[in-house]
Amino acid sequence: MHTRREFLGAIGLPAAYAAVGGPLPLGGLRLERAVGVLEELSMVRGSPQEVAQDEGFWRQVQQAFTVDRSLVNLNNGGVSPAPAVVQDAMKRYLDFSNQAPTYNMWQILEPQKEGVRQRLAREFGCETEEVAITRNASESLEICQLGMDLAPGDEILTTNQDYPRMIATFKQRERREGIVLRQISIPVPAEDPAEVVARFEAAITPRTRLILMCHMINLTGQILPVREVVAMARARGIPVIVDGAHALAHFGFLISDLECDYYASSLHKWLFAPHGTGLLYVRREQIPGLWPLMAAPEPMDDDIRKFEEIGTHPAANFIAIGEALTFHQGVGPERKEARLIYLRDYWAKALLEHDRVRLHTSLKPGFACGIATVEIEGVEPGDLNRFLWEKHRIITTPITHEEFRGLRISPSVYTTPEELDRLVEAMEVVVREGVG
Ligand SMILES: Cc1ncc(COP(=O)(O)O)c(C=O)c1O
């Protein structure tokens with residue numbers, strides 16, 4: 001049994017630290033090792049909710065990123081910075097590829113993608129043979145949206161809060177093939193799962209062939225009852241494409257638990273993988289019936305890899321997903337989720353003290369996670385967004401929807417409470433004085 005001092009000495013940490021017991025000088029260590037060290041020392045003991053408030057733990061996580069601290073980036077929902085270990089891995093693989101691409105990239109790195117596929121399946125709860133690695137959620141979704149045979153008059157059901165590109169995809173099929181897109185409205189926020197299921201159910205007609213729904217809506221961070229909608233639709237023989245661009249690695253769930261046929265996500269949002277990475281899950285029985293976006297040879301018809309036949313592309317991004325998975329596991333998915341909720345509540349509850357502030361996101365457990373959308377009544381989101389950037393160097397996302405509007409705030413695991421204090425203070429100025 002090592003003493004604490006012996007243990008720190010054994011891993012090469014300065015003995016002085018062991019003596020003082022101050023913040024761990026872990027900047028040079030890889031995060032997963034750092035977290036392991038902290039765990040060994042029982043310094044991160046406690047529930048995810050307790051660790052979520054342990055600023056010493058999160059300081060290590062903050063230092064794993066190379067973000068520009070002269071500004072406050074509260075649009076991590078759009079696309080996330082990758083931690084240094086992920087960036088380094090990607091650059092290493094890119095350099096290696098360029099030494100002899102036809103050999104290093106095609107013969108050595110490409111086959112390594114199989115290890116990444118296995119790890120993604122293991123982490124997110126599905127079979128390896130049901131996971132394709134894509135370039136983003138749009139690609140994953142469009143494979144599903146465009147790869148299904150539909151006849152003129154066939155109906156697709158979705159909401160008026162689904163992602164504009166995905167709506168545009170079906171509208172293009174409307175123009176090209178005469179299918180019909182139906183969009184329902186859902187409550188903002190939606191705190192009654194049964195109500196959401198009922199709205200989808202009420203819009204189903206004998207011509208409904210497919211449902212597209214978000215797992216987490218990008219406009220508000222609303223989490224929808226996917227499992228329940230899928231069960232309702234399955235009973236009517238209607239498959240569901242789930243847009244999980246914001247959900248995967250953001251909050252905890254297993255893809256298999258949702259029981260859907262198709263699930264699509266970005267990996268460059270909440271997994272912090274390299275930019276240009278996404279995941280597509282297709283239930284094994286549905287693979288043969290779904291056409292890939294780029295043609296694949298017939299022997300691949302029932303192989304998930306047919307969706308990856310995209311011609312020459314960098315292998316580095318895809319292989320470095322492995323490093324992002326290790327980072328995610330090192331932080332701990334439950335701790336990450338709890339911290340994101342803690343940070344959201346930190347700014348949101350402070351702002352809700354003011355009468356003119358409204359939140360379009362539920363703070364009740366299970367309905368949202370790290371993303372929330374706030375409105376200061378009487379202030380245009382675009383003006384507020386501009387004010388925060390020009391006067392305070394704070395990046396946010398203005399949301400203008402026909403039924404609601406506000407400013408989307410999406411901090412991440414590297415966001416500090418001080419940065420959120422700056423947001424709150426700047427917003428309080430607007431509450432008092434406007435954007436003037
Ligand atoms: C709900 C939703 N779906 C799809 C996408 C597209 O993701 P990507 O940019 O990875 O293609 C986004 C991006 O923000 C999104 O929010």
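One-based numbering, in listed order, for ligands and for the atoms of each. Count residues from 1 along the sequence.
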Side chain to side chain donor-acceptor pair (under 3.5 Å) assessment of Glu155 paired with Thr205: CA-CA 8 Å; Glu155 292 176 10; Thr205 77; 2.7 Å; yes

Residue pair Asp383, Arg386: steps toward the salt bridge (charged side-chain N to carboxylate O under 4.0 Å, His left out) verdict: CA-CA 5 Å; Asp383 295 341; Arg386 212 167 309 114; 3.2 Å; yes

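The Asp243 neighbourhood of ligand 1 comprises atoms 1 (C), 2 (C), 3 (N), 4 (C), with distances under 4.0 Å to a heavy atom of that residue. Within ligand 1, counting atoms from 1 as listed, the ones closer than 4.0 Å to a heavy atom of Ser266 are 7 (O), 8 (P), 10 (O). Atoms of ligand 1 lying under 4.0 Å from any heavy atom of Ala245, numbered from 1 in the order shown and given with element: 2 (C), 3 (N), 4 (C), 5 (C), 12 (C), 15 (C). Close contacts of ligand 1 with Ser138, meaning ligand atoms under 4.0 Å from a residue heavy atom, involve 6 (C), 7 (O), 8 (P), 11 (O).
Met213 has its side chain out of reach of Asp243: every pair of non-hydrogen atoms, C-beta onward, lies at least 4.5 Å apart. In this structure the side chain of Gln183 reaches within 4.5 angstrom of the side chain of Thr158, judged on heavy atoms.
Looking only at distances, no side-chain donor or acceptor of Arg408 sits under 3.5 Å from a matching main-chain atom of Thr397.
The salt bridge (Lys or Arg N to Asp or Glu O under 4.0 Å) search around Glu129 returns Arg305, not counting sequence neighbours.
A donor-acceptor contact under 3.5 angstrom links the side chains of Ser185 and Glu403, judged on distance only.
At the shortest separation from atom 16 (O) of ligand 1 among protein heavy atoms lies His246 NE2, 2.9 Å. For atom 15 (C) of ligand 1, the closest non-hydrogen atom on the protein side is Tyr163 CD1, 3.3 Å.
Contact annotation: Lys269 has at least one heavy atom less than 4.0 Å from an atom of ligand 1. For Arg135, the heavy-atom gap to ligand 1 stays at 4.0 angstrom or more.
Only the side chain of His268 comes within 4.0 Å of ligand 1, judged by heavy-atom distances.
Note: an N/O pair closer than 3.5 Å links Ala137 and ligand 1 by distance alone.
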